[in-house]
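Contents: one structure, followed by commentary.
Note that the structure is a prediction, hence the values are computed from the model and not measured.
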Amino acid sequence: MVTSKKASKPAPRVVRAASRSVATRHRSHTLAPPHLGEVPSVATLAIGIGGVALLITAVAIVVNGLTLGSQYTDPVPPNVGQLGTGQVVGGIALLLLSMLIVGAATAVFLDIRGARRAAIGLGALTTALCVGAILLVMTGGGGDRLLAFALLVTAILFAASTIILVRVPRPDAAG
């Protein structure tokens, strides 16, 4: 009688419940914060970048308004001191709005309570202001097509980002 040793299989590994839930959980390989998700993170980043662009624009508007009187040489208008007042006031208002936008986008990334609603509200407000500015630019005089196009791009950016932040639920609430 010939006997041979059977190769025995190692004992099956016991999987504990805690390690099973970790193994089956989806791990994304993205830099997006887990409380936001990937698409809302891109929308929030777009709002933040748009806010920084508006901040730079606001500073340029304020500086242009402050230095408007120095652009005239020989026949100086009688109200040269008041010419840039509208630009300065509008530039300061845009500066405040852009600082709020950047702050709201940063707060959304930091997961501060109510920040997402603030970013949505500021995005909707900025969209509405851009649409109003487009109408104002195109109905006044000959209209500046380049400015209207820049405002249109800004309105689309903020509108799309706002819609994404409204429509995509938080990952915590979804699962």
Side-chain angles (χ1 to χ4, degrees), residues 31-170:
L31 295 175
H35 69 275
L36 266 181
E38 197 164 336
V39 175
S41 290
V42 172
T44 306
L45 184 63
I47 286 176
I49 291 172
V52 171
L54 288 176
L55 185 98
I56 294 167
T57 304
V59 170
I61 290 172
V62 169
V63 168
N64 189 32
L66 291 174
T67 60
L68 190 63
S70 66
Q71 295 176 7
Y72 294 97
T73 53
D74 192 16
V76 179
N79 61 347
V80 73
Q82 299 171 350
L83 284 178
T85 306
Q87 284 185 351
V88 171
V89 171
I92 290 173
L94 185 60
L95 184 70
L96 292 174
L97 176 65
S98 62
M99 288 170 42
L100 287 173
I101 291 169
V102 171
T106 303
V108 170
F109 279 121
L110 295 176
D111 199 19
I112 295 175
R113 172 179 259 166
R116 190 167 173 159
R117 286 188 196 109
I120 290 168
L122 288 169
L125 174 66
T126 306
T127 302
L129 289 173
C130 285
V131 169
I134 291 169
L135 294 174
L136 187 65
V137 165
M138 292 310 290
T139 57
D144 187 354
R145 290 186 186 142
L146 184 61
L147 179 59
F149 181 72
L151 287 166
L152 178 66
V153 170
T154 305
I156 291 171
L157 169 96
F158 277 98
S161 298
T162 301
I163 290 169
I164 289 170
L165 284 177
V166 167
R167 301 226 10 144
V168 177
R170 291 176 57 113

- Message: Taking F158's backbone N and O only, do any of them form a donor-acceptor pair with S161's side chain (distance below 3.5 Å, no angle check)?
- Response: no
- Task: Before giving the answer on side-chain contact (heavy atoms from CB on, under 4.5 Å), spell out for L165 and I47 the whole-Å C-alpha distance, their side-chain angles and the decisive distance to 0.1 Å.
- Result: CA-CA 10 Å; L165 284 177; I47 286 176; 3.7 Å; yes
Of all heavy-atom pairs between [X] and [Y], which one has the smallest distance, and what is that distance?
X: L151; Y: C130; answer: O-CB, 3.8 Å
X: V62; Y: I92; answer: CG2-N, 3.7 Å
X: A155; Y: V131; answer: CB-CG2, 4.4 Å
X: A104; Y: L122; answer: CB-CD1, 3.8 Å
X: F109; Y: L45; answer: CZ-N, 3.8 Å

Rounded to the nearest 0.5 Å, what separation is found between the [atom1] atom of [X] and the [atom2] atom of [Y]?
X: L55; Y: L97; atom1: CG; atom2: CG; result: 10.5 Å
X: N64; Y: T57; atom1: CG; atom2: OG1; result: 12.0 Å
X: I163; Y: I120; atom1: CD1; atom2: CD1; result: 11.0 Å
X: I101; Y: L94; atom1: CD1; atom2: CG; result: 8.0 Å
X: I56; Y: L95; atom1: CD1; atom2: CG; result: 11.5 Å
X: I134; Y: L147; atom1: CD1; atom2: CG; result: 9.0 Å

- Sub-4.5 Å side-chain heavy-atom contact between V42 and I164: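 Not touching, per the 4.5 Å side-chain cut-off.
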- Decide side-chain contact (heavy atoms from CB on, under 4.5 Å) for T126 and L54; before the verdict, give the C-alpha distance in whole Å, the side-chain angles of both, and the deciding distance to 0.1 Å. CA-CA 10 Å; T126 306; L54 288 176; 4.0 Å; yes
- Message: Under the criterion side-chain contact (heavy atoms from CB on, under 4.5 Å), I'd like the reasoning laid out for L96 against L100: C-alpha separation, chi angles, the key distance, then a yes or no.
- Response: CA-CA 6 Å; L96 292 174; L100 287 173; 5.5 Å; no
